[in-house]
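Data first, discussion second: the structure below is written as structure tokens.
Because the structure is predicted, anything quoted here is derived from the model rather than measured.
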Amino acid sequence: MDEVTDAMGSTEAQEQLSWLMDRLDELSGHHVVHTAIGLHPDEPVGVCASLFSLAVHRTDHDNPRVAVARTALAMACPEQRPGWTCRFLDLPSSLPCCLIAGTIATPGSGQPVFQARVATAHAQSPYIVVLGLTSASLQHAEAYTDIIEAVTHTVGFTDPGSSPHRAARPSRISEVLL
């Protein structure tokens with residue numbers, strides 16, 4: 001960790017990464033089953049971190065559309081946040097899906113971070129899957145929204161051990177970035 005922060009150069013960047021690493025253990029309390037951290041150049045700090053997360057929440061609703069809508073409302077509230085994006089996505093799987101994106105204040109410091117989250121129904125169970133992308137790099141908010149939407153279009157609910165091998169689909173992430 002020290003080698004990474006030293007390579008980042010800036011004290012502010014080191015503090016942001018340290019704060020993020022200290023909070024990773026807290027994610028399990030939010031049903032997070034996977035995380036990935038990205039580091040990229042950013043001015044004036046020098047380096048900015050982004051966090052991708054995947055969470056799975058059990059729902060008691062029989063109707064997956066209602067479950068996704070309620071999850072989306074819970075992510076967008078308690079107050080209706082001005083400037084936030086909230087829209088339904090059409091997935092290849094036809095599962096209900098909603099994207100919510102905007103700026104929030106971090107607990108404690110109050111510093112703004114951008115967060116894009118997607119709630120979608122699991123294909124064969126009473127679960128909602130939530131994909132999230134969070135970063136302090138506010139000027140890249142539109143790109144982060146495009147990335148999380150592209151990732152969402154690649155989500156599939158199959159057992160890789162029981163299905164025959166299929167040809168790989170083209171990457172939506174490559175389409176967005178190119």
Which heavy atom in [X] sits nearest to a heavy atom in [Y], and how many Å separate them?
{"X": "Thr85", "Y": "Arg87", "answer": "CG2-NH1, 3.3 Å"}
{"X": "His34", "Y": "Val32", "answer": "O-CG1, 3.4 Å"}
{"X": "Cys97", "Y": "Val118", "answer": "SG-CG1, 3.3 Å"}
{"X": "Thr71", "Y": "Ala119", "answer": "CG2-CB, 3.9 Å"}
{"X": "Ala121", "Y": "Leu95", "answer": "O-CD1, 3.3 Å"}
{"X": "Tyr127", "Y": "Thr59", "answer": "N-CG2, 4.0 Å"}

With rounding to the nearest 0.5 angstrom, report the [atom1] to [atom2] distance, [X] to [Y].
{"X": "Asp146", "Y": "Leu133", "atom1": "CG", "atom2": "CG", "value": "11.0 Å"}
{"X": "Arg58", "Y": "Ile128", "atom1": "CZ", "atom2": "CD1", "value": "11.5 Å"}
{"X": "Thr120", "Y": "Phe88", "atom1": "OG1", "atom2": "CZ", "value": "11.0 Å"}
{"X": "Thr134", "Y": "Ile37", "atom1": "OG1", "atom2": "CD1", "value": "11.5 Å"}
{"X": "Thr154", "Y": "Leu131", "atom1": "OG1", "atom2": "CG", "value": "8.0 Å"}
{"X": "Leu99", "Y": "Leu89", "atom1": "CG", "atom2": "CG", "value": "5.5 Å"}

Checklist entry - Is it true that atom CD of Gln139 has more than 12 heavy atoms of other residues, nucleotides or ligands lying nearer than 6.0 Å? => result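 More than 12 heavy atoms, drawn from other residues, nucleotides or ligands, come within 6.0 Å of this atom.
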Next on the checklist: If the condition is side chain to side chain donor-acceptor pair (under 3.5 Å), which residues does Ser135 pass it with, not counting sequence neighbours?
Outcome noted: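 Testing Ser135 for side chain to side chain donor-acceptor pair (under 3.5 Å), a comparison that skips the adjacent residues, returns Tyr144.
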